[in-house]
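Worksheet for the structure shown next.
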Amino acid sequence: MLPDSVLDRIAAELYDYQGSGQSVMEMSHRSPIFMDIFEKTKEHFRKSLSIPDTHEVLFLQGGATTQFAAIPLNLMKESADYAVTGNFSGIAAKEATKYGKIHICADTSDSNHTEIPEQSGINFSENPSYFHYCENNTIYGTQWNYVPTAPTTLVCDMSSNILSKPVDVSKFGMIYAGAQKNMAPAGLTVVIIDKKLAGNQAPSTPMMFNYEQQIKAGSMVNTPSCFPIYVLGLTLDWVDQMGGLAAMEERTRTRANKLYEIIDNSKLFTAPAKVSARSHMNVTFRGTTPELDKQFLEQANKQGLVNLAGHRVVGGMRASIYNAVPTEGVEKLGQLIAMFDK
Ligand code: PMP
């Protein structure tokens, strides 16, 4: 979802952005009016996440999936370590094997990705160029509740939980995220990268994937996704109105825990994720039978609670309670679970 206030501003400015006579969709990406939107959004993003001067922010395209290839092409000398804790970290690791030696230093497949490795359970290899992990596992509904310590550069996929809490960016060599969960419509991929990591790319690296070149070109090796960048700016205004990322974290945690409490107290539903690994963004749960899940989803749909079916690889239900989902909606879902159980 996008916040209502963001949609309202988009609607109000759609034909004529601030008296310019143009829609943001119609602007030249190099025009002063769009460059102003671009720079202000980037500055605002830096400020919201307290990004240190050591790190650059890039507004790229191709989704988080494109980064699965760009990361090894730019950062891997010979080998890298990957933790596989869900669908996307698995795809990231597989993609990276095309470019070098990948060591799977943790893998939660045996538990069907219902847990997150402990620090002591990560078996780092000798001299990896970086350690890649995905902080929130969108499909399985688990999250790393700590920032792992690694003997190398940390690279983290935060696609499904960025802007849901403050982050100590200085701990990471690189953080990346597709925009379409908590930031803006699809089409924008945000990369936060320690500048000293750029410039070591493989010679075959396509120019669109080349961090050094993108930094030099100010994310404009080609035309950026102007409209989602503009929407990100509006979303950041909304996050400020909500009290910033610390308030967002509190709100996110409270809402998720309330749902887990209701599920834990029910006789019909269970949350498969281990308590210490539960996601605050994607609450996965299931009924005692697939038939019950079907009935629950039908009932939920009738009440306007939509998109609750779990991903096809796991089934059951998944409440993706991203930032813009109103708390009222989360409460309504909780009431439905409790009522259904009764
Ligand atoms: N990583 C995570 C954690 C995701 O949730 C997703 C998308 N659901 C992706 C990567 C893939 O992102 P994209 O579709 O932007 O390539």
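Both ligands and their constituent atoms are indexed starting at 1 by order of listing.
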Closest to atom 5 (O) of ligand 1 among protein heavy atoms sits Thr138 OG1, 2.5 Å

Closest to atom 11 (C) of ligand 1 among protein heavy atoms sits Thr65 OG1, 3.5 Å

Check whether any N or O atom of Lys181, backbone or side chain, sits under 3.5 Å from an N or O atom of ligand 1, and answer yes or no.
-> yes

Does Phe172 have its ring centroid less than 6.0 Å away from the ring centroid of Phe131?
-> no

For Glu118, look at atom CD and say whether over 12 heavy atoms of other residues, nucleotides or ligands are found less than 6.0 Å away.
-> no

Is the shortest distance from a heavy atom of Asn136 to ligand 1 less than 4.0 Å?
-> yes

May I ask you to check whether Phe296 and Phe269 place their ring centers less than 6.0 Å from one another?
-> yes

Taking atom 9 (C) of ligand 1 as the reference point, the nearest protein heavy atom with its distance | Phe88 CD2, 3.4 Å

Check the side chains of Asn87 and His311 for a donor-acceptor pair under 3.5 angstrom, ignoring hydrogens and angles.
-> no

Mind running salt bridge (Lys or Arg N to Asp or Glu O under 4.0 Å) on Lys216 and Glu56 for me, showing each step along the way?
-> CA-CA 10 Å; Lys216 280 191 187 142; Glu56 188 54 77; over 6 Å; no

Ligand 1 to Gln180 polar contact by distance, N or O atoms, under 3.5 Å = yes

Which of the numbered atoms in ligand 1 are below 4.0 angstrom from a heavy atom of Ser159?
-> 1 (N), 2 (C), 3 (C), 4 (C), 10 (C)

Closest protein heavy atom to atom 1 (N) of ligand 1, given as residue, atom name and distance to 0.1 Å | Asp157 OD2, 2.6 Å

Heavy atoms only: give me the nearest Phe340-Leu292 pair and the separation to one decimal.
-> CE2-CD1, 3.6 Å

Glu250 with Arg255: basic N within carboxylate O range, under 4.0 Å | no

Atom indices of ligand 1 within 4.0 angstrom of Cys134 heavy atoms, with elements | 3 (C)

So is there a nitrogen or oxygen of Ala64 less than 3.5 Å from a nitrogen or oxygen in ligand 1?
-> yes

